[in-house]
Amino acid sequence: MSESEKAEVWQGTLALMVLKSLDAMGPQHGYGIARRIEQISGDLLAINQGTLYPVLLKLEQEGSIASEWGLSDNNRKAKFYRLTRAGQRQLAGDARQWQRTVGIIGRFFALPKGTE
């Protein structure tokens, strides 16, 4: 699938995907987070640095994630992000809200087609 065919990430969902990725995988650098999200989506999503890093910065400022410098697998200096306790709480609340939203939207798609 070409880059132009990949779906855009819906506003507000990238933070949830970042939190869940860190919850599942433990500390990761930004590139690793982006690749993991793309992999989990079946390569249907494309995550670029211009989209990801502002979300990481916002989550860090909110206290949901913390970062520290370390070395990547190829011995390059990289910032590694990890989920905090506040981030675990945020993830749990956001996941509940997302499931509620999906349920509501699902009800609309389950409506039978009206007769004219």
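Note: hydrogens, waters and symmetry copies are ignored here, and every other heavy atom, side chains too, is used. These figures come from a predicted structure and were not determined experimentally.
Heavy-atom minimum distance, Ser21 versus Ile37: OG-CG1, 3.6 Å. What you find for Gly63 and Ala86 is that their closest heavy atoms are O-CB, 3.6 Å. When all heavy atoms are compared, the tightest approach of Leu52 to Ala34 is CD2-CB, 3.9 Å.
Every residue meeting the side-chain contact (heavy atoms from CB on, under 4.5 Å) condition with Ser41, not counting sequence neighbours, appears here in chain and number order: Leu44, Leu45. Applying the side-chain contact (heavy atoms from CB on, under 4.5 Å) criterion to Asn75, with sequence neighbours excluded, gives Leu71. Residues passing the side chain to side chain donor-acceptor pair (under 3.5 Å) test with Gln90, sequence neighbours excluded: Ser64, Asp94. Judged as a side chain to side chain donor-acceptor pair (under 3.5 Å), and not counting sequence neighbours, Asp73 has no contacts. In terms of the salt bridge (Lys or Arg N to Asp or Glu O under 4.0 Å) criterion, residue partners of Arg35 (sequence neighbours excluded) are, by chain and number, Glu38. Remark: Ala66 pairs with Arg82, Thr84 by the side-chain contact (heavy atoms from CB on, under 4.5 Å) rule, at least two apart or across chains. Judged as a side-chain contact (heavy atoms from CB on, under 4.5 Å), and not counting sequence neighbours, the contacts of Lys79 are Glu60, Ser67, Trp69, Tyr81.
To the nearest 0.5 Å, atom CD1 of residue Ile33 and atom CG of residue Leu14 are 9.5 Å apart. In this structure, CG on Leu83 lies 10.5 Å from CZ on Arg89, to the nearest 0.5 angstrom. Once rounded to the nearest 0.5 Å, the distance linking CG of Leu56 with CD of Gln28 reads 11.5 Å. With values rounded to the nearest 0.5 angstrom, Ile40 atom CD1 is found 8.5 Å from Met25 atom CE.
Screening residues 44-58 for salt bridge (charged side-chain N to carboxylate O under 4.0 Å, His left out), with sequence neighbours left out, gives Lys58-Glu62. Every pair tested for ring-ring contact (aromatic ring centres under 6.0 Å, His included) that includes a residue from residues 41-62 fails, sequence neighbours excluded, so the list is empty. Note on residues 16-34: pairs passing salt bridge (charged side-chain N to carboxylate O under 4.0 Å, His left out), not counting sequence neighbours, are Lys20-Asp23.
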List the atom pairs, with distances to 0.1 Å, where a side-chain N or O of residues 99-112 and a protein N or O form a donor-acceptor pair under 3.5 Å, not counting sequence neighbours.
from	atom 1	to	atom 2	distance (Å)
Arg100	NH2	Gln97	OE1	3.0
Thr101	OG1	Gln97	O	3.0
Thr101	OG1	Gln97	NE2	3.4

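Leu22 places none of its side-chain heavy atoms less than 4.5 Å from the side chain of Leu91.
A continuous path of hydrophobic side-chain contacts links Met17 to Trp98 [ILVMFWY only; heavy atoms under 4.5 Å]. Under the 4.5 Å side-chain contact rule for hydrophobic residues, Leu57 and Tyr31 do not share a cluster.
In this structure, Phe80 shares a hydrophobic cluster with no other residue, the cluster being traced through Ile, Leu, Val, Met, Phe, Trp and Tyr side chains under 4.5 angstrom apart.
More than 12 non-hydrogen atoms from other residues, nucleotides or ligands lie less than 6.0 angstrom from CD of Gln88.
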